[in-house]
Protein chains: 2
Amino acid sequence: MTTEPTETTRRNPLSREKVLQAAVALADESGTGVPSMRTLAKRLGVEAMSLYHHFRNKSALLDGMVDSVFAEVELPSNDADWQTAMRRRSASMRDALTRHPWAITLMDSRTSPGRATLRHHNAVIGCLRSGGFSVAGTAHALSVLDGYIYGFTLQQLSLPFEPPADLEGVGGAILENLPRDEFPHLAEMIADLALQPGYAYTEEFDVGLDLVLDGLERERDRWT
Amino acid sequence: MTTEPTETTRRNPLSREKVLQAAVALADESGTGVPSMRTLAKRLGVEAMSLYHHFRNKSALLDGMVDSVFAEVELPSNDADWQTAMRRRSASMRDALTRHPWAITLMDSRTSPGRATLRHHNAVIGCLRSGGFSVAGTAHALSVLDGYIYGFTLQQLSLPFEPPADLEGVGGAILENLPRDEFPHLAEMIADLALQPGYAYTEEFDVGLDLVLDGLERERDRWT
DNA sequence: AGGTACAGCCTTGCGGTGTAAGGTTGTCAA
DNA sequence: TTGACAACCTTACACCGCAAGGCTGTACCT
């Protein structure tokens, strides 16, 4: 009697994972942040309300998105010493946050961590513990390290240009309508650094990371 | 002929500053973040669209809010050495961001800094420069310091409880439905630290800050 | 074979959002 | 007196998250 339009529907029903994947992809494409339920549904060839069968509300979906970003982050290996392990997972973390710029803003509004997030934290703690840190010392190290990683990435994302792009043009434009006599040090810094052809803000990350890691190494045995 | 209902209107017309003040207050009260234009207008006894006579769009209002937070931050004084000056302005910065939790989330979406923001950065740069840092060294120091401050505060704000509040209760609740055999290190850490009566996450800030400042002091003369 | 339970999806509708377009009003200078 | 003009309001639109409830194909039981 009727045709069989439901075939396609039945063939590929949507799932938590498929929805999350689409949501992440959509958020990555539009720099405007998280997609709306309606646009997300449209992308999946589905009505908006269907998504609520897989997620209790939008907040749950956001939780899932954040967790899927953590899932992309390389866990610290136990083969290397803790410093190189931390260096690698820090770079991986920063890369993931840069690939998904919406994630860092999302992170601070979510309070219930997912499994990938828990696994990540557990692995990092384990790495530091077997690297010789006490429990309290691990807490200190985690606080400084993650604080630095998130904060640096946050700053980098708020820069008014793409990281490798023409810093000269933007820097010059800022310099032009900046009252140089009112903010002399700021003007000097932009002039000296940002306009230097070779300057890449991204490299600052490693400078700070090394500073933090050196400090941790020095304090490690003092932290009982 | 008509009565004079406009008297109150004429007596206190709204201004950029009054709108900003109300917006900040409203954002502080409701933990839900930035107020909508309508609720903000209602608070001011005005219709929503009236606000657009003082701000080109909502983004401009948000810029103003962020700038007004920077205006609250204590500028580094030139009387003390750079380390204590940085320690004081860091604490002041963290306090401001804690008073206005919505600000840090807002910061990364704004790209055009206001006057108070520029003044703040200029003063910090000046303090480091006269503390003996080269231009490049100041850039490094700024990157690490601000990164740490923002990142730490971001983490602190995303904790699922009020900083001084009952960590025991929440920690215990988390511990209960956490698969301890799957995340042993995480469980150990929560058990050992968070449930300790004396533990206050806030104090972690100073531990990390001292670590960063010590590192900066050590690297200062190496950075040409 | 017939009945029933149910997961998956859709429809409708509500109260909220930012803001474009244009109307109204009080003030002040010419 | 007139006109310009800033401040403010009204209306309207397209979007948002989501509560409530309807429909339909599948699966299992008797």
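Below, chain A is the first sequence line, B the second, and so on; all start at residue 1. Hydrogens, waters and symmetry mates play no part in the numbers below; they use all other heavy atoms, side chains included.
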Rounding to a whole Å, what distance do you find between [X]:[atom1] and [N]:[atom2]?
X: B/E47; N: D/dC9; atom1: CD; atom2: C1'; result: 6 Å
X: B/L26; N: C/dT17; atom1: CG; atom2: P; result: 11 Å
X: A/L40; N: D/dC18; atom1: CG; atom2: P; result: 13 Å
X: B/L51; N: D/dA6; atom1: CG; atom2: P; result: 18 Å
X: B/L44; N: D/dC9; atom1: CG; atom2: P; result: 10 Å
X: A/K42; N: D/dA14; atom1: NZ; atom2: C1'; result: 12 Å

**Report entry** Residues from residues 55-65 of chain A lying under 4.0 Å of DNA chain C - heavy atoms
**Finding:** none

Query - Closest-nucleotide ordering on DNA chain D, the 5'-leading residue of A/T39 and B/M49 - result: B/M49

Query raised in the report: Mapping B/H53 and A/P35 to their closest nucleotides on DNA chain D, which lands nearer the 5' end?
Result: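 Between the two, 5'-proximity favours B/H53.
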
Query raised in the report: Should we count CD of B/E182 as having more than 12 external heavy atoms under 6.0 Å?
Result: yes

Report task. Quick one: pull up CG in A/L145 and NE2 in A/H140 and give me the separation to the nearest 0.5 Å. Result ->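 Spacing of CG (A/L145) from NE2 (A/H140) equals 13.0 Å.
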
Query raised in the report: Rounded to the nearest 0.5 Å, what separation is found between the OG1 atom of B/T117 and the CZ atom of A/F183?
Result: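 One gets 9.5 Å once the value is rounded to the nearest 0.5 Å.
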
Requested in this report: Evaluate salt bridge (charged side-chain N to carboxylate O under 4.0 Å, His left out) for A/D146 paired with A/R89, printing each intermediate quantity in order.
Outcome: CA-CA 11 Å; A/D146 281 5; A/R89 84 102 192 180; 2.4 Å; yes

**Report entry** Side-chain-base donor-acceptor pair under 3.5 Å for B/R38 and C/dG18
**Finding:** yes

Query raised in the report: Hey, do the aromatic rings of A/F70 and A/H121 have their centres closer than 6.0 Å?
Result: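 Centroid separation for A/F70 and A/H121: below 6.0 Å.
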
**Report entry** Centroid-centroid under 6.0 Å between A/Y150 and B/F152 rings
**Finding:**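 So the answer is no for these two rings.
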
Query raised in the report: Below 4.0 angstrom from OP1 or OP2 of C/dC9, is there any side-chain N or O of A/H54?
Result: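 Answer is yes, contact under 4.0 Å.
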
Query raised in the report: Hey, is the side chain of B/S50 poking within less than 4.0 Å of OP1 or OP2 on D/dC9, counting only N and O atoms?
Result: yes

Report task. Only pairs at least two apart or in different chains count here, so list each side chain to side chain donor-acceptor pair (under 3.5 Å) that has a residue in residues 41-51 of chain A. Result ->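 For residues 41-51 of chain A, and leaving out neighbouring residues, the side chain to side chain donor-acceptor pair (under 3.5 Å) pairs sorted by first residue read A/E29-A/R43.
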
Report task. Using a 4.0 Å heavy-atom cut-off across all strands, classify A/M37 as base, sugar-phosphate, or nothing. Result -> sugar-phosphate

Report summary line: Closest to the side chain of A/S36, out of D/dC16, C/dT11, D/dC9, is D/dC16

